[in-house]
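Just below is one structure, and these are the notes that go with it.
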Amino acid sequence: MRTTVNPASHGLAPSSLATLDERLREYVDNGLLPGWQLLVSRHGQVVHHRSYGMDDRDDTLFRIYSMTKPVTSVAAMILHQEGRFDLTDPLERHLPAFRDMRIFTGGDADAPVTEPARGPIRVRHLLQHTSGLSYGAFLDHPLDEMYRARGLGSPQPPGRDLAELTDAWAGLPLLFEPGSRWNYGVSTDVLGRLIEVVSGQSLDAFLTERVFAPLGMTDTTFTPTPAQRARLTRVYAPGEGGGLVERAEDAEDAEDVEDTVLESSGFLCGGGGLLSTMADYHRFTQMLLGGGALDGVRLLERHTVNLMTANHLPGGVDLAQAAVTIPEPGRYDGLGFGLGFSIDLDPTFRGVTCAPGQYGWSGAAGTTFLVDPHHRLTAVFLTQVLPSPHTAAVRTLLGRLPHTGLRD
């Protein structure tokens with residue numbers, strides 16, 4: 001367990017942290033989560049580090065799924081700072097397959113009706129999830145059916161690398177005119193391919209050289225070594241009769257474990273492929289809180305972090321107005337989206353008491369993090385249950401920390 005400083009000396013009431021732990025333990029005791037790790041930091045000092053029902057080591061490896069997206073977004077903005085591309089660049093300038101895109105306007109998956117897009121996908125649209133690309137998994141829409149029919153509805157369609165997948169995604173129509181709406185999809189995976197093309201390096205090599213090594217994130221990887229795999233947590237799923245069951249790809253009798261996306265296939269999924277640890281992801285959040293710098297190492301300029309954590313949704317609206325579909329009523333109210341992060345614009349819409357400007361993102365297996373620049377506070381929560389319907393509730397609990405006895 002990581003050494004912590006007295007939370008009271010950093011303005012956080014120990015009783016409030018104890019209440020937070022109690023609420024989170026209930027998820028495990030009620031069979032909704034297999035266990036968790038939690039780390040809260042203020043002013044760069046760890047004030048609270050707890051685990052329940054799970055190994056408490058800092059080097060336990062978790063599949064962070066979509067918490068990969070902010071990492072990939074930071075990597076892209078490093079290249080942007082260096083003038084390797086502009087955010088307003090047409091994507092086709094770097095990835096020619098995205099030339100002459102078309103918009104789905106009607107019909108069905110077998111006979112789609114399309115029309116030419118009025119404008120190109122621009123690089124910024126990938127970071128904002130306003131590109132019109134989809135995932136092939138979440139929408140009840142003919143376009144997602146087209147993704148699935150072409151084998152593009154899973155995190156790693158077999159037999160194709162990132163370059164081949166990017167070309168395949170470019171060959172499908174878009175859900176809407178680029179820049180006009182928000183839809184969660186493969187935008188960050190395409191961004192990972194853009195990083196490869198612009199940098200001349202594979203995505204894993206670029207991330208290692210330009211993000212992980214400078215920050216001391218020694219365990220964050222797409223492809224775990226045998227020693228790392230021994231520290232990799234199991235992934236669970238809700239059981240049909242209640243409780244949790246170990247997912248098949250992690251079970252001892254699962255076939256072809258080495259070929260699954262959850263283990264090690266070498267697939268560079270910039271939108272969801274990384275494994276990481278509490279120690280590593282904490283360092284990533286501290287870099288963000290530090291305005292792009294940590295321990296004397298600067299990845300991003302402060303104004304770049306400010307740009308990434310401002311709302312970029314069209315017309316300045318929130319996700320409730322910009323998103324094509326709303327997974328849960330009220331979940332997106334008052335939330336904006338920047339360049340790789342969601343941002344709390346007006347937390348009162350969701351009944352959350354966090355400060356405006358708090359930002360972060362979550363992963364499919366229930367992992368989540370937040371950075372509160374106003375209160376100089378970060379929190380990282382790691383668990384492993386897929387799907388995880390409790391992530392929004394956990395984020396709400398974490399977001400309340402600054403308003404439960406906080407003193408400067």
Side-chain angles (χ1 to χ4, degrees), residues 66 68-103 116-135 162 166 169-170 172-199 203 206-207 210-211 270-272 288 291-292 299-319 321-324 332 335-343 345 357 359-361:
S66 286
T68 303
K69 289 180 172 67
V71 177
T72 303
S73 299
V74 164
M77 294 304 287
I78 290 173
L79 291 168
H80 169 63
Q81 285 185 161
E82 294 174 351
R84 309 290 286 277
F85 61 78
D86 288 333
L87 293 177
T88 55
D89 280 353
L91 182 58
E92 65 194 55
R93 181 175 300 172
H94 308 282
L95 302 177
F98 286 93
R99 182 174 291 115
D100 300 325
M101 296 300 293
R102 299 184 69 85
I103 310 298
R118 295 191 298 275
I121 299 175
R122 300 189 183 276
V123 172
R124 69 185 184 205
H125 297 149
L126 298 177
L127 288 145
Q128 299 163 357
H129 284 282
T130 59
S131 65
L133 294 164
S134 194
Y135 248 137
L162 183 56
T166 299
W169 290 322
L172 289 169
L174 300 175
L175 191 61
F176 48 75
E177 184 69 28
S180 65
R181 301 291 302 277
W182 186 92
N183 185 60
Y184 201 46
V186 297
S187 291
T188 314
D189 298 284
V190 175
L191 186 69
R193 178 59 184 157
L194 175 68
I195 290 170
E196 292 187 328
V197 170
V198 171
S199 70
L203 181 59
F206 185 85
L207 289 178
R210 303 299 301 274
V211 179
L288 294 170
L299 299 190
L300 298 174
E301 298 300 326
R302 186 174 295 277
H303 64 80
T304 300
V305 176
N306 291 341
L307 177 67
M308 296 180 74
T309 56
N311 185 27
H312 287 257
L313 293 178
V317 301
D318 64 6
L319 284 172
Q321 300 172 75
V324 169
Y332 286 168
L335 272 181
F337 203 86
L339 304 180
F341 307 92
S342 65
I343 303 108
L345 304 176
Y359 62 90
W361 200 237

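We use all heavy atoms of the structure for the numbers below, so side chains are in, but hydrogens, waters and symmetry mates are not.
- Judged purely by atom type and a 3.5 angstrom limit, D189 has no side-chain atom pairing as donor or acceptor with the backbone of G192.
- With no hydrogens or angles considered, no side-chain donor-acceptor pair links T188 and T72 at under 3.5 Å.
- Between R122 and L91, the closest side-chain pair of non-hydrogen atoms is not below 4.5 Å.
- With L299 as reference, V211 is the one residue of V211, T304, V305 to meet the side-chain contact (heavy atoms from CB on, under 4.5 Å) rule.
- Between L175 and R181 the shortest side-chain heavy-atom distance does not fall below 4.5 Å.
- Using bins of under 30°, 30° to 60° and over 60° for the plane-to-plane angle, the ring pair H129/F337 lands in the perpendicular bin.
- Side-chain contact check for F85 versus L79: some heavy-atom pair is nearer than 4.5 Å.
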Go through the steps for I121 and L174 under the test side-chain contact (heavy atoms from CB on, under 4.5 Å), then give the verdict. CA-CA 10 Å; I121 299 175; L174 300 175; 4.0 Å; yes

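- A donor-acceptor pair is defined here as one N or O able to donate and one able to accept, closer than 3.5 Å; no such pair exists between the side chain of S131 and the backbone of P178.
- Inter-residue side-chain proximity for T166 and F98 is flagged as met; some heavy-atom pair is nearer than 4.5 Å.
- For the pair D86 (side chain) and T88 (backbone), a donor-acceptor distance under 3.5 Å is absent.
- Side-chain contact check for Y135 versus V186: some heavy-atom pair is nearer than 4.5 Å.
- D100 places no side-chain N or O within 3.5 Å of a backbone atom of P116 that could act as its donor or acceptor partner.
- Within the 3.5 Å criterion, the main-chain N or O of E301 finds a donor-acceptor partner in the side chain of Q81.
- Taking CH2 of W182 as the reference point, atom CG of L313 lies at 8.5 Å (rounded to 0.5 Å).
- The main-chain N or O of G340 is never found under 3.5 Å from a side-chain atom of K69 such that the two would form a donor-acceptor pair.
- Note that the CD1 atom of I78 and the CG atom of L300 stand 5.5 Å from one another [nearest 0.5 Å].
- Between L126 and S73, every side-chain heavy-atom pair lies at or beyond the 4.5 Å cut-off.
- Contact annotation: the side chain of M77 approaches that of M308 to within less than 4.5 Å [non-hydrogen atoms, C-beta and beyond].
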Checking side-chain contact (heavy atoms from CB on, under 4.5 Å) for the pair L307/L87: CA distance, chi angles, key distance, verdict? CA-CA 11 Å; L307 177 67; L87 293 177; 3.9 Å; yes

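- Considering only heavy atoms from C-beta on, T309 stays 4.5 Å or farther from L288 through its side chain.
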